[in-house]
2 protein chains.
Amino acid sequence: MNSRYTDQQVRFAAKLYYVDGVSQTEVARLVQVSQAKVSRLLAAARERGIVRITVDAYEPRDDELEKEIRDVFGLGNAIVVKTAPGASGDVLRATVGHIGAQYVAALIPDSGVLAIAGGRAVRELCERLPERDGRRLTIVQAMGGIDSGVNSEDAIELGRSLVQRWGGFFMTLSTPAFVPNKRTRDSFLGFKQIHAVWDRFTQAGAALVGIGAMEASAFVARGVLTTQDIEDLKKHGAVGEICGRFFDKNGSECDTPWRERVISIGLAGLRQIPQVVAIVPGAERAHAVAAAIRGRLIKTLVTDETGARALLALKPARGAGRTSSGKTKK
Amino acid sequence: MNSRYTDQQVRFAAKLYYVDGVSQTEVARLVQVSQAKVSRLLAAARERGIVRITVDAYEPRDDELEKEIRDVFGLGNAIVVKTAPGASGDVLRATVGHIGAQYVAALIPDSGVLAIAGGRAVRELCERLPERDGRRLTIVQAMGGIDSGVNSEDAIELGRSLVQRWGGFFMTLSTPAFVPNKRTRDSFLGFKQIHAVWDRFTQAGAALVGIGAMEASAFVARGVLTTQDIEDLKKHGAVGEICGRFFDKNGSECDTPWRERVISIGLAGLRQIPQVVAIVPGAERAHAVAAAIRGRLIKTLVTDETGARALLALKPARGAGRTSSGKTKK
DNA sequence: GCTGAAATTGAATAATAATTCAGTTATATT
DNA sequence: AATATAACTGAATTATTATTCAATTTCAGC
């Protein structure tokens, strides 16, 4: 905003307000303008650097835990967000999303293809990614629609809002996530419209995903899978899921009928993406996260301290660990 | 305030609010406290220096004009307050009072006797003198009550509020400002209670006064003098007044019947006080101010730029001027 | 001088922040 | 442990600040 307020006036208002602690209403009286303008003068003072507000560095990440995770699990990158003690649920997601966004923004390329999955934590983070910062991506929906409704945390909604924020192009996978059988899936994949998206998966430079646990599955909540289905999957060794792809404790995709019935980026495809960011706050899904890391499904984990600790409490990969020493601290 | 908020919590709140621009309500949610507490946490952050707000120096005084006044009129000290262009009336008084107070505070000693007169401009300034700053003065009312009513700008009210602010002791002159004749005045001065105050005048280390012009006299407005009285005074050469003492263009007390009828600090007494501060915003009373300066009645003048310019437009004292050169700038 | 676009303005309003108040909870002193 | 005192807390309230909106003003280009 190119305002023509005189420096004199801006400085006078700034001195009265910030130095002398006079209210805007009183400043308005002394400067002989409306209170509204005082508010604007003060904004100008901050913009022009006449008033500077500096805040001591606050480290919002727990780098000790991050280092441990990197060392013990051999994960490329971990972002462990400090939260209010006892934070959980919405607050936890919001905090991890808020702080995480500042760092995830730097991990996502300026151009190219970004695959995006849904989830409440992913949404919280996406909502807080910076406004139009020159980025211009092709965003692709990484999994079909869970059900016919569209929730605010569904990939289709997140993708839409991200291109609105950044410009670029959003490609939606106009299919259900799960179809009745392989034949139907292949038929869907035959559609050019859908195949075009499918193709983009291989070109993705980054992906933003959540990780599902077998407990409290969103698929069950939304009536796509039954509790029995989950039990069956567990019998096949499933401990977690990304984009509807169930994997075992080593992060290998479970060989179940569901494997043929899901329309989403495959785990093999995911492994090829240079930057896969998983946002998983909370301790509940630690097992699934551990498995995903073992399977090299993700490159970056965004979580909070309870999530990090729960993860570290689990056995690391058999023989995994990026550093040969595999030392753990304290 | 010795708050026990953890630094961690204070810093987290400060980062969210000041760095990320999150509202207090949202910070409250993330930090898991009430919005009220966020407000307190942020106050603590500022107090502890975790958040620092710096404002580029703004020079609220016009030192060019001050220097000119000192040079041309040979006045010890001038405080010329910059104001909003076109400021007048209440706003002018408030601005001069606000800025002036910051400097006048430094001119008033920490202890000893302070004589105080009334007036709207004096009130504006007094109201803005710093709260209990270790000062402990005996404050004396420099002139009796103008009429039976007590206005918020009367010395009795200002003195009361100053001792409330600073501690110390307030001595009120429980007499009218003007009495019918010299005999009555002498009788009043005979009272121990009044004499005690009268005595203090000679011990005063500082005085805070206004200067009255012959026009728009507060005494006329309050029905103590008539327009005719003012005309009579003018015939005797009166151009201004301090504490009910009328003086001519050289600042010498006019020899009129009123001189015997006023109960207030005398001009001779005033001259002896090491620090007499006159607060006179606006151009209207320039003649009176010039005369007061010529008569060495005041040591410091507090005014605004229009007041300073009006003063400079007048002839300086015959042969006055502290510097032998008496040079003027520009 | 005229014209249109952009910037600026303050009144009204909406949004946000500070304070009051009536309990709680912690801390120090017996 | 019992008590007194100071500190702390959040709901409700009050106070303050930011924004919206409908003019009005300024300025660049004729």
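Every chain is numbered from 1 and lettered A, B, ... according to where its sequence line falls, protein lines coming before strand lines.
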Paired with A/D154, the salt bridge (Lys or Arg N to Asp or Glu O under 4.0 Å) test is passed by just one of A/R222, A/R123, A/R160, namely A/R222
TODO: Examine B/R61 relative to B/Y103 and say whether NZ or CZ is less than 6.0 Å from the centre of the six-membered ring and inside a 45° cone about the ring axis.
DONE: yes
B/Q32 CD to D/dT9 C1', in whole Å, measures 15 Å
Among C/dA18, D/dA18, C/dA17, the one nearest any side-chain atom of B/R46 is C/dA18
Checking C/dA18, D/dG10, D/dA18 against the side chain of B/V33 (C-beta onward), the nearest is D/dG10
Quick note, A/T25 side chain, CB onward, closest among C/dA17, D/dT17, D/dA11 is D/dT17
At 4.0 Å (heavy atoms only), tell me whether A/S23 reaches a base, stays on the sugar-phosphate, or touches nothing. sugar-phosphate
A/Q24 atom CD is separated from C/dA14 atom P, nearest whole Å, by 19 Å
Indicate whether any N or O donor in one side chain lies under 3.5 Å from an N or O acceptor in the other, for A/E157 and A/S152.
no
Problem - Distance below 4.0 Å between A/Y5 side-chain N/O and C/dT9 OP1 or OP2 - result: yes
B/L41 atom CG is separated from C/dA17 atom C1', nearest whole Å, by 13 Å
Hey, is the side chain of B/Y17 poking within less than 4.0 Å of OP1 or OP2 on C/dT16, counting only N and O atoms? no
*Scan side-chain atoms only and decide if B/Q141 and B/T172 contain a donor-acceptor pair under the 3.5 Å cut-off.*
yes
Atom CZ of B/R40 and atom P of D/dA11 are separated, to the nearest Å, by 11 Å
> Should B/Q35 be listed as having a side-chain N or O under 4.0 Å from OP1 or OP2 of D/dG10?
Replying inline: no
Check your understanding: Has B/K37 got a side-chain N or O lying under 4.0 Å from the OP1 or OP2 atom of D/dT9?
Key -> yes
Taken to the nearest whole Å, CG/A/L42 to C1'/D/dA18 is 11 Å
